[in-house]
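Below is one structure, written out as structure tokens; comments come after it.
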Amino acid sequence: PSQCVLEVDKVKKKREERRAKQAEMAARREEEKELDSNNPNYDFEMMIREFREAKSIRRGTKHQQPDPLDQKICVCIRKRPLNKKEKKNREVDVISQADAQNILVHEPKLKVDLTKFLDNHDYTFDHAFDEYTNNEEVYRYTAQPLVQFIFEKGRATCFAYGQTGSGKT
């Protein structure tokens with residue numbers, strides 16, 4: 001067979017594999033949908049879960065200790081877990097921590113033909129902490145360098161912003 005015929009066969013094989021994988025995923029979605037068919041946000045939740053799996057997003061990202069002399073402003077973010085009310089209402093966790101500095105916001109949207117899709121927005125910070133990071137670790141990378149700086153040579157300000165009860169203290 002010619003090179004052209006071999007390429008066409010290769011494309012056909014890849015297409016068949018891709019379609020089989022898509023059919024398998026669709027079947028899995030239908031099975032999972034039957035398990036939790038009452039959740040109106042199920043499709044978006046599954047899209048976010050698949051996105052996290054595909055990007056290998058894991059909790060417990062390692063951070064590097066900043067040098068307070070190297071930076072004038074350090075902006076950090078801490079992702080909070082869904083609260084009881086949000087869980088009860090079956091709201092979707094639309095925030096993922098991509099790595100030690102990046103947070104992804106998964107915006108659920110509908111196309112004109114009512115096809116659901118995610119619009120993912122990436123935001124970069126000096127430090128990004130997930131909901132599993134304890135207060136001690138957040139302190140170690142945010143406020144502790146400021147305290148050391150104050151005792152060594154100067155002035156510093158730590159400004160914490162967030163919803164009441166979200167863990168600023």
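Just so you know, these numbers use all the heavy atoms, side chains as well, and skip hydrogens, waters and symmetry mates. The residues of the chain are indexed from 1 along the displayed sequence.
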From CG (D99) to OG1 (T124), nearest 0.5 Å | 7.5 Å

Note: E45-R49 ion pair, threshold 4.0 Å (strictly below) | yes

Around E136, counting heavy atoms of other residues, nucleotides and ligands shown, do more than 12 lie under 6.0 Å from its CD?
-> no

Mind checking who shares a hydrophobic cluster with F159, ILVMFWY linked at side-chain heavy-atom distances under 4.5 Å?
-> Y161

Hydrophobic cluster identity match, Y139 and L146, side-chain contacts under 4.5 Å | no

Quick one: does N89's side chain have a donor or acceptor within less than 3.5 Å of a partner on E91's backbone?
-> no

With no hydrogens and no angle check, is any side-chain donor or acceptor of Q97 less than 3.5 Å from a backbone partner on A128?
-> yes

Answer whether the closest heavy-atom distance between the side chains of K12 and V8 falls below 4.5 Å.
-> yes

Enter the distance from H121:NE2 to I95:CD1 here, rounded to the nearest 0.5 Å.
-> 10.0 Å

Is L118 reachable from V105 through a run of hydrophobic residues whose side-chain heavy atoms are each under 4.5 Å from the next?
-> yes

Separation of D122 CG from S96 OG (nearest 0.5 Å) = 10.5 Å

Any donor-acceptor pair under 3.5 Å linking the side chain of D126 with the backbone of C76?
-> no

State whether the side chain of E86 and the backbone N or O of N83 hold a donor-acceptor pair below 3.5 Å, judged by distance alone.
-> yes

Residues, nucleotides or ligands: over 12 heavy atoms within 6.0 Å of K116 NZ | yes

Mind checking whether H106 and F51 have parallel, tilted or perpendicular rings, split at 30° and 60°?
-> perpendicular

Looking only at heavy atoms, which two atoms of R80 and E131 are closest? And how far apart?
-> C-CB, 3.9 Å

Are F125 and V94 linked, directly or through other ILVMFWY residues, by side chains that come within less than 4.5 angstrom of each other?
-> yes

Step-by-step side-chain contact (heavy atoms from CB on, under 4.5 Å) determination, R140 to E137 = CA-CA 5 Å; R140 188 170 53 242; E137 189 171 350; 3.5 Å; yes

Closest non-hydrogen atom pair between F149 and A156, with its separation | CD2-CB, 4.3 Å

For the residue pair N135 and R78, establish whether any side-chain heavy-atom pair is separated by less than 4.5 Å.
-> yes

What distance separates D119 CG from K109 NZ, expressed to the nearest 0.5 Å?
-> 4.0 Å

Find the distance between CZ (F117) and CG (D43) and round it off to the nearest 0.5 Å.
-> 14.0 Å

Measure the CD-NZ distance between E17 and K21 for me, rounded to the nearest 0.5 Å.
-> 10.0 Å

Counting N and O atoms only, with roles assigned by atom type, does the side chain of D130 sit under 3.5 Å from a partner on the main chain of T133, one being a donor and the other an acceptor?
-> yes

Would you mind reporting whether L6 and K10 have side-chain heavy atoms less than 4.5 Å apart?
-> no

